[in-house]
Amino acid sequence: MLEEHEIYRDLAFPRHAGEGSARPYVFINMVASVDGRTAVEGKASGLGTAADRSVMRTLRSKSDAVMVGGGTLRAEKVSLGLDTDDPRPRPLAVIWTATGDVGLHCNLVRDPHQSLLVLLSEDADEGVERNLRDLAQVRRVPARAGAMIDTEKALQILKTEYGIDLLLCEGGPTLNHALISANL
């Protein structure tokens, strides 16, 4: 039987995953209950075990960036980094948000060794962008109908402007649905 820290330790992505493509290779990691729920009382932190969290950190260590949606960050405290004593380079932390209402100062557990990028809809208010710039790099992204971010364009930006080849998406359900629905 594998120990927690050994799960996915030897995981290898397709050779040169994301290279030569206009967007990164995207993989999703999420937790769900047996009945398909992605949250308990509005929070995913009520689901999963220490082994699940260990797997999450292992998957993060294999990515160039880790992305979550604004709804996930509004709902609960989130860390997108590795263990504090882990010597490996940190993946870029990416927040995907249409409105910019994400609570970076109170709900994002910051890793001082990790850069933070907010992908913000071009339809969001200018004042929101100014406030976010105090805490993160902000990149405006074209919007689609309903003010949602153009997910394909966001991935292209991550690839071409930030050199992201392997992108781990940790949800939530809205972001995961946007990626899957667009065959991304």
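Side-chain atoms are counted along with the backbone in the values below, which use heavy atoms only and exclude waters and symmetry mates.
For the pair Thr160 and Arg23, the minimum side-chain heavy-atom distance is 4.5 Å or more. Residues Val102 and Asn107 are not in side-chain contact: their nearest non-hydrogen atoms beyond the backbone lie 4.5 Å or more apart. Contact of the Asp165 side chain with the Tyr25 side chain is not registered, since no non-hydrogen atoms from C-beta on lie closer than 4.5 Å. Ile149 is listed as a side-chain neighbour of Ser121, based on a closest heavy-atom distance under 4.5 Å.
Between the CG atom in Leu167 and the OG atom in Ser63 there is a gap of 7.5 Å [rounded to 0.5 Å]. Here Thr151 contributes atom OG1 and His177 contributes atom NE2; the two are 10.5 Å apart, rounded to the nearest 0.5 Å. Here Met30 contributes atom CE and Met56 contributes atom CE; the two are 10.0 Å apart, rounded to the nearest 0.5 Å. Here the CG-CD distance, from Asp125 to Glu129, works out to 9.5 Å after rounding to the nearest 0.5 Å. Met148 CE to Asp123 CG: the interatomic distance, rounded to the nearest 0.5 Å, is 12.0 Å. Rounding to the nearest 0.5 angstrom, the gap separating the CZ atom in Arg140 from the CD1 atom in Ile157 is 12.0 Å.
At least one donor-acceptor pair under 3.5 Å links the side chain of Arg90 to the backbone N or O of Arg88. Side-chain N or O atoms of Lys159 include none that pairs as donor or acceptor with a backbone N or O of Ala154 at under 3.5 Å. In this structure a side-chain-to-backbone donor-acceptor pair under 3.5 Å is missing from Asp150 to Arg144.
Taken together through direct or relayed side-chain contacts under 4.5 Å among Ile, Leu, Val, Met, Phe, Trp and Tyr, Leu184 and Val94 form part of one hydrophobic cluster. Tracing side-chain contacts under 4.5 Å through hydrophobic residues (I, L, V, M, F, W, Y), one reaches Leu175 starting from Leu92; they form part of the same cluster. At a threshold of 4.5 Å between side-chain heavy atoms, the hydrophobic network of Ile, Leu, Val, Met, Phe, Trp and Tyr places Val78 and Leu82 in two separate groups. The same ILVMFWY cluster, assembled from side-chain heavy atoms under 4.5 Å apart, contains both Leu132 and Leu80.
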Give every donor-acceptor pair under 3.5 Å between a side-chain atom in residues 66-74 and any protein atom, sequence neighbours left out.
{"from": "Thr72", "atom 1": "OG1", "to": "Gly172", "atom 2": "N", "distance (Å)": "2.8"}
{"from": "Arg74", "atom 1": "NH1", "to": "Asp101", "atom 2": "O", "distance (Å)": "2.6"}

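Pairs engaging residues 175-184 under the salt bridge (charged side-chain N to carboxylate O under 4.0 Å, His left out) rule: none recorded [sequence neighbours left out].
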What's the verdict on side-chain contact (heavy atoms from CB on, under 4.5 Å) for Leu116 and Ile95, showing C-alpha distance, side-chain angles and the deciding distance? CA-CA 8 Å; Leu116 175 60; Ile95 310 301; 3.9 Å; yes
Show your reasoning for whether side-chain contact (heavy atoms from CB on, under 4.5 Å) applies to Glu122 and Val141. CA-CA 5 Å; Glu122 64 186 5; Val141 180; over 6 Å; no
Test log, rule side-chain contact (heavy atoms from CB on, under 4.5 Å), inputs Leu119 and Leu158: CA-CA 9 Å; Leu119 296 176; Leu158 287 173; 4.2 Å; yes
Check the pair Ser79, Arg60 against side-chain contact (heavy atoms from CB on, under 4.5 Å), reporting the backbone distance first and the verdict last. CA-CA 11 Å; Ser79 167; Arg60 287 176 182 168; 4.2 Å; yes
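Arg130 has no carboxylate O lying under 4.0 Å from a charged side-chain N of Glu126, or vice versa, which leaves the two without a salt bridge.
The two atoms that bring Ala124 and Leu120 nearest to each other are CB-CD1, 3.5 Å, heavy atoms only. Scanning all heavy atoms of the two residues, the minimum distance from Ala136 to Leu104 falls at CB-CD1, 4.1 Å. What you find for Gln114 and Pro91 is that their closest heavy atoms are NE2-O, 2.7 Å. The two residues Asp111 and Gly81 come nearest to each other via the heavy atoms OD2-CA, 4.2 Å. Taking both residues in full, the closest heavy atoms of Glu170 and Leu168 are given as OE2-CD2, 3.5 Å, listed atom of the first, atom of the second, then distance. Minimum interatomic distance between Ala65 and Ile164 (heavy atoms only, all atoms of both residues): CB-CD1, 3.7 Å.
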